[in-house]
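Heavy-atom basis, side chains included; hydrogens, waters and symmetry copies ignored. Just so you know, these numbers come straight off a predicted model, no measurement behind them.
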Amino acid sequence: MKLIMAIIKPFKLDDVREALGAIGVEGMTVSEVKGYGRQKGQTEIYRGAEYQVKFVPKVRLDIAVDDDIADRVVETIRDTANTDKIGDGKIFVLDLASAMRIRTGESGNEAL
Amino acid sequence: MKLIMAIIKPFKLDDVREALGAIGVEGMTVSEVKGYGRQKGQTEIYRGAEYQVKFVPKVRLDIAVDDDIADRVVETIRDTANTDKIGDGKIFVLDLASAMRIRTGESGNEAL
Amino acid sequence: MKLIMAIIKPFKLDDVREALGAIGVEGMTVSEVKGYGRQKGQTEIYRGAEYQVKFVPKVRLDIAVDDDIADRVVETIRDTANTDKIGDGKIFVLDLASAMRIRTGESGNEAL
Amino acid sequence: MLRRLIAFRSVLLASGLAVLTPTLALAQDGGVNGANTAWILTATALVLFMTLPGLALFYGGLVRSNNVLSVLMHCFAIACLVSVLWLVAGYSIAFGSGGALNQWWGGLDKAMLAGVGMDTTSGDLPESVFFMFQMTFAIITPALIVGAYPERIKFGAVLLFTALWLLLVYAPVTHWVWGGGWLADRNVMDFAGGLVVHATAGTAAIVLALALGARKGFPGDVSPPHNPGMTMIGAAMLWVGWYGFNGGSALAADGAAGMAITVTHISAATAALTWMLVEWIKLGKPSLIGTVTGAIAGLATITPASGFIGPVGALAYGIVAGIVCYIAVQLIKQKLKIDDSLDVFAVHGVGGILGTLLAALFASPALGGFGYGEGMTMTSQFTVQVIGVVSVVAYTAIVSLIIIKVTQAVAGLRSSEEEETMGLDLSEHGERGYSL
Amino acid sequence: MLRRLIAFRSVLLASGLAVLTPTLALAQDGGVNGANTAWILTATALVLFMTLPGLALFYGGLVRSNNVLSVLMHCFAIACLVSVLWLVAGYSIAFGSGGALNQWWGGLDKAMLAGVGMDTTSGDLPESVFFMFQMTFAIITPALIVGAYPERIKFGAVLLFTALWLLLVYAPVTHWVWGGGWLADRNVMDFAGGLVVHATAGTAAIVLALALGARKGFPGDVSPPHNPGMTMIGAAMLWVGWYGFNGGSALAADGAAGMAITVTHISAATAALTWMLVEWIKLGKPSLIGTVTGAIAGLATITPASGFIGPVGALAYGIVAGIVCYIAVQLIKQKLKIDDSLDVFAVHGVGGILGTLLAALFASPALGGFGYGEGMTMTSQFTVQVIGVVSVVAYTAIVSLIIIKVTQAVAGLRSSEEEETMGLDLSEHGERGYSL
Amino acid sequence: MLRRLIAFRSVLLASGLAVLTPTLALAQDGGVNGANTAWILTATALVLFMTLPGLALFYGGLVRSNNVLSVLMHCFAIACLVSVLWLVAGYSIAFGSGGALNQWWGGLDKAMLAGVGMDTTSGDLPESVFFMFQMTFAIITPALIVGAYPERIKFGAVLLFTALWLLLVYAPVTHWVWGGGWLADRNVMDFAGGLVVHATAGTAAIVLALALGARKGFPGDVSPPHNPGMTMIGAAMLWVGWYGFNGGSALAADGAAGMAITVTHISAATAALTWMLVEWIKLGKPSLIGTVTGAIAGLATITPASGFIGPVGALAYGIVAGIVCYIAVQLIKQKLKIDDSLDVFAVHGVGGILGTLLAALFASPALGGFGYGEGMTMTSQFTVQVIGVVSVVAYTAIVSLIIIKVTQAVAGLRSSEEEETMGLDLSEHGERGYSL
Ligand SMILES: Nc1ncnc2c1ncn2[C@@H]1O[C@H](COP(=O)(O)OP(=O)(O)O)[C@@H](O)[C@H]1O
Ligand SMILES: Nc1ncnc2c1ncn2[C@@H]1O[C@H](COP(=O)(O)OP(=O)(O)O)[C@@H](O)[C@H]1O
Ligand SMILES: Nc1ncnc2c1ncn2[C@@H]1O[C@H](COP(=O)(O)OP(=O)(O)O)[C@@H](O)[C@H]1O
């Protein structure tokens, strides 16, 4: 199993979720995060003074998936979250040692 | 060492923390996350229009532990966070390459 | 590649970000988290009743880096985030199976 | 000449209420009545408070969190812009004596308050006080329209539309009804602005909503109100301020003002409870936003009638307002799919029109009301009310549409999709609502 | 007949203050005094503002973030419900002339404001104005009780309890004290509602808190106030509105009103500083919530005395209120472990009772006060005050308990544990407070 | 003796405005005018509302989220402290008759309101009402200074500085200008507090900002306002309350009050639009915070002139205020790098001084104003205004500096760096602003 961690632009969340649903991924966990990278944050101006907002709001998806479909999930996220503009984000893949569904105690692929 | 990442219902947080304390786990890091899965979010109605809240508020625990007790930690979370209702959440386990305590520079099990 | 996950004190965020920039790490993802550990939260008092805040606000950095510089990144965080006081936080290192930049589709070290 | 007061007084006199205790003993011709002045000064502050910050909060809580500042900005900037224009020409168009054209507008004699000093009076009030009191009405009317276009309009369009609309719609209509124009001559009953304020704002709102198009995602996928508590605070302030709106429209600190706030309050309370019950029965839960919306519906609906009907009539007004405005919201949003985003027409337009028509009924002494003007009967009054509603709605719709076309040509109406997604706070004003 | 005004005036006259400058020259028998009307119209708006949104915010900031809307909803719905009931029967029970039973209640003669028109007067005010002013008191009193039961009560129970309580407790007690009933006959001193408002609300609150049981986790593990700034805003609005509450209770724009707001303000300021200092000394830090709570304690405490005592007495009132109410909070919550969640009894009940008793002392000219009614001395007055407190508290406690039992049987009192965990905003109203 | 009123009236009389409609018919010597009393009671509530919660919110929204409660606490505690001190000595120093030293201060005759009862009058108002009205001015002035020192000052220092400053700066300067002191004798024009309120507060603010040093990270790296909506709400409340501030300063419900609120409102609206336009042109976007700051600048600037100039003058005031205060903010923060954190001097100090000087110009009937006092011309008046500004600013600066040194020695001024990083909410008050 893999744990796929994707950092994407917030307004792409709904699209990505739907695209993943279409290929059979029904569960995921989402967090609001702040990204630092090439893309710079907005400048805000209050009473004439500039405030450089150093972070850019991003959304992070954590998705545990079976090894079989990991590549397809990565591709799907890539295709859907892509806007060809700087700051589109990253997809990281980690090996998952084990997984368990709390409600049933099932583990492995059953748990996802 | 393992990094145990558990997604649970928010109101179970205190119980889980206490149960883990009882088996010797004193440290953890908690984030507020939103879960997508079988459990659906609440419907809210404003002026007669329905708003389907697509996410369910969840809490995510990240707990770094020695390999020895990893299984016991997973079991304890499972037992305490379980309500037998849909949406109870998941426990994922990852291998941890290394750990360090910033204050002292200790590493490995000492750092936890 | 490694995924370095560091839990630090919020007011150290800017220092750490700058120090990492100085050694060539330009990207990272930041989340606000709550820490449980040796350091205890603030006590608040409202109308004479004590409220023990059990969590301590922390900031979590997720940084994907090339294996080469992983150790240097860990050391840099350690040095910059250290205040010699309890609650300075932890640095965890995980192995990263793969990485991809959404915008370009580049993968591996190119993606970071 | 203060036709509004005179018109109102004559209504009372004609209906046998001439025995109204004379509180005006102090005010000889041209004299100032200190007590009435004290109350209208207060009422002016109360009505300003309705917009700043009442209405701004009421609307601000209903939008997404990344548009809250833009809504506050709309209300604030409109208040400023209207104030200046009211001085420059608006007041004169509304309350000047337009000479030969007096049926249609008040002319420009009083532009820049020409000839008005500390000792100039209007009725038994200093004219400066009457000018200010009326200005707060001129402010809130275009501010009500803000509810039609949040989350997607350009800020420049808000300003240009408002400026033209104030001078070309609000000021003339005010003259017709309160300034001695053709509807006043026909004895139309509009105590505190069912036609002048709510019908005009509601009509303009729906025209603008249609011209602008719906928000991205409407109707199925728009975000819920980001802060219902803010909306409740705004509603509470509107309610309190409405004492000045309707009570101040008596232009005196007397029993007419007291009765006006009584019926106003009862209608608001009844409509809120009614809306709450409807939701409870239909949806299973009574919501805060529904309840406070009901109160505003009750307030808007009784506004034109608040000087003419009694407490029992006010109960009826509240029940009708709660049910009809609730249905109107569902109809316009869900059936007609018009994104009048914060329901300006359904609440204010429908309420104002309804209240104006029902006034002809409930003014009847048989229904606890205080009677009709000289020579008027329930039927003749109702006819006049219908004429008033139709002409004001039609005029407002047509002129608003023209103004919208001009605005679109000059300043553009709608933000880009990217700006809409980002939220107007950042895209139009460069600010964020909450850094918690 | 306006016994309250008369009682108060006679107190002043009897104490040698007959030389009060006659501001009432305009008001012959049955005449309306415009200046007084202007002030009481304003005071009515101010007191409504205390509940909507003042008290709602004061309480709303103190609960968990997922209960904030339910608290606002309680206050808003209570305001609406009481308004309608006040028209239907409440006002008549409180201020009607009850005939043979006038010692106990005012009867139903004035139900639906029967016989009250624009020109009906009460003293030198239009009766509609007096009706409205008193209505705002009737609104805030059951709204104060909201602080006893947040985060765990069913919404239906709030409505049913409030309706019965208004008619069976508030209205009769008001008649006893201000409507010409048996306590008025005994010259009880309660200028603006120490007994009528604060003692009744506080007593009902603690009875209800006991009947309902504590919140989950109380006392060790409840959440801290989710928004102390909101509480401060509410407290500020309550303070400003209290000028209308106590200053309006003079029912005139004169030196009595001026002195009432003076002592009211001084007591609030002093009590806030006192509470702040107590916290600073005892807990090491002065808190915002403590300071504003002190101000409210000072306001509640001086309310019954605000027409009878002088500025130096007000300083003493403030110090005593700050210390005694602080101790009362600790005692009830920490010692007795009663979850009167937002300290209604400790602040309002204790404050109102304390202020009522101390009034007998500080009304003494020797202590800077303005004296007693005809034939009264400090001792005889104190006896009357004790009788007033004991009877009002006992009556309120007993009748409230019966109402609670009825409510429990009809509507149920308490939410399920799951609903409580989820928060009442979602479980009872289907809304969320913040989507930031 | 009420020199302020007399001074003002004489200005009017001398300038040929003696025909002001006599609204004061009721008030014989020592008599109370009910209408004026009603209005000043209201104005008192409005001005209190400006600080609690208006100014508190205006400032609270501009700081970081972990300092919001400390700012609210500063305003609230200052209000309480000043109220008690105003009773104890402040009012007497400002408005007592200081005997031989009356040019400089009012002495202690009226300390604790000695000799003031319900029937004591000041002009045609009950003295208690005048005392309270003036108290609300005494509250807001030191509260304005809060904007200079947020996020880094010790709470004890706030209290000690405020107490000394009220008695040693505010009260004497008030006596000079409004209490019959040396500047009143020279016919200085300051209708509602350009010198007394805004110049003193602004001057003290910049001295304190210099003594305290800048916030960590200033200027490049401070956090943006955490809640601009809160700031807008506060600004709206300040605007509404300002009707009481400037309109109440007429001390009567008459045409002078009406004209005062007219010009006040026009100046606020114009300055807001001006500031908005400047930002739009210079920075590409009009911001909410800029716009509301402009309104406050317009209000502060017209304050000293609001009884002397006409509506066209008010337009000019608004434009000048918007531009000059905008430049002043940039100059002080960006050029001089002085961390007067919320721009107290740039907005209130500069505005108040500017308005005081311009009053000599725009009072001219040729510019639509209402003329000068007996024997005064534009030139002689301007000279007096310059003397007033220089002496008030110099006196305030010197005495404030001494008070700061004393405060530093006794209580310490500045929080530790760790406390500053943590935020004053937790470090000084043990509370958190938001638990959402
Ligand atoms: N090395 C990294 N480790 C973790 N997250 C990163 C890293 N680099 C970038 N990110 C995340 O990816 C986001 C997008 O990166 P950015 O450099 O702005 O654009 P792009 O990916 O298009 O080059 C950042 O905002 C940050 O959240
Ligand atoms: N594949 C997944 N990867 C990551 N998180 C998941 C995944 N599936 C579910 N989750 C998380 O677990 C939570 C519970 O899952 P859900 O399907 O609702 O219930 P259950 O686990 O009882 O079947 C979700 O809200 C989500 O946060
Ligand atoms: N076992 C653990 N797993 C994950 N996070 C941990 C663990 N132990 C501590 N932490 C995180 O590190 C932070 C600091 O730990 P703490 O014990 O307070 O101080 P220190 O690291 O100085 O001994 C905690 O607040 C928590 O966020």
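Heavy-atom distances place no part of D/M230 under 4.5 Å from chain F, backbone and side chain included. Heavy-atom distances place both the backbone and the side chain of D/L436 under 4.5 Å from chain F. Heavy-atom distances place the side chain of F/A295, and not its backbone, under 4.5 Å from chain D. D/S427 touches chain F through its backbone: at least one of N, CA, C or O sits under 4.5 Å from a heavy atom, while the side chain does not. Contacts between D/L87 and chain F at a heavy-atom distance below 4.5 Å involve the side chain alone, from C-beta outward. If you measure heavy-atom distances from D/L426 to chain F, the contacts under 4.5 Å come from the backbone alone. Contacts of D/I233 with chain F are absent, with no heavy-atom separation under 4.5 Å from either backbone or side chain. When heavy atoms are compared at a cutoff of 4.5 Å, D/F131 approaches chain F solely by way of its side chain, counted from C-beta outward.
In terms of heavy-atom pairs under 4.5 Å with chain F, the best-connected choice from D/V129, D/V68, D/L81 is D/L81. Highest contact tally toward chain D, considering only F/P311, F/A38, F/G433, is held by F/P311 [criterion: heavy-atom pairs under 4.5 Å]. Each of F/T270, F/I261, F/T42, F/I40 has some count of heavy-atom pairs under 4.5 Å with chain D, and the biggest count is that of F/I261. Of the residues considered (D/E127, D/M112, D/E428), D/E428 shows the highest number of contacts with chain F, using heavy-atom pairs under 4.5 Å. Considering only heavy-atom pairs separated by less than 4.5 Å from chain D, the leading option among F/N66, F/I289, F/V312 is F/I289. With chain F as partner, the option from D/L52, D/L113, D/V116 having the largest number of non-hydrogen pairs under 4.5 angstrom is D/L52. If you tally non-hydrogen atom pairs under 4.5 Å between each of D/T51, D/V82, D/L57, D/D425 and chain F, the highest count goes to D/L57.
Using non-hydrogen atoms only and a strict 4.5 Å limit, the part of residues 157-164 of chain D facing chain F consists of D/L159.
Atom CE of D/M237 is separated from atom CE of F/M237 by 3.5 Å, given to the nearest 0.5 angstrom. For the atom pair F/D254 CG and D/T121 OG1, the distance stands at 13.0 Å (nearest 0.5 Å).
Taking the six-membered ring for Trp and the full ring otherwise, D/F76 and F/W239 have centroids separated by under 6.0 Å. Ring centroid separation for the pair F/F49 and D/F49 comes in under the 6.0 Å cut-off.
A pairwise comparison of heavy atoms in F/G229 and D/L72 identifies CA-CD1, 3.5 Å as the closest pair. In plain terms, the two heavy atoms of F/A253 and D/G34 that are nearest each other are CB-O, 3.6 Å. F/S65 approaches D/S435 most closely through the heavy-atom pair CB-O, 3.6 Å. Taking every heavy atom of both residues into account, D/A45 and F/V240 meet most closely at O-CG1, 3.7 Å.
With contacts defined as side-chain heavy-atom distances shorter than 4.5 Å, the pair F/H226/D/Y434 does not qualify.
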message = side-chain contact (heavy atoms from CB on, under 4.5 Å) for D/H429 and F/K285? Distances and angles first, verdict last.
response = CA-CA 5 Å; D/H429 307 293; F/K285 281 176 182 166; 5.8 Å; no
task = Report the C-alpha distance between F/W280 and D/F155 in whole Å, list the side-chain angles of each, state the deciding distance to 0.1 Å, and finish with yes or no for side-chain contact (heavy atoms from CB on, under 4.5 Å).
result = CA-CA 11 Å; F/W280 212 338; D/F155 183 59; 3.6 Å; yes
ask   = side-chain contact (heavy atoms from CB on, under 4.5 Å) between D/L41 and F/Y243: does it pass, once the steps are laid out?
value = CA-CA 8 Å; D/L41 284 166; F/Y243 283 20; over 6 Å; no
Audit row: D/M73, F/M276, side-chain contact (heavy atoms from CB on, under 4.5 Å) steps and yes/no = CA-CA 11 Å; D/M73 182 72 169; F/M276 191 182 89; 3.9 Å; yes
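Between the side chain of D/E431 and the backbone N or O of F/L288, at least one donor-acceptor pair lies under 3.5 Å.
Between the side chains of D/S83 and F/H265, at least one donor N or O lies within less than 3.5 Å of an accepting N or O.
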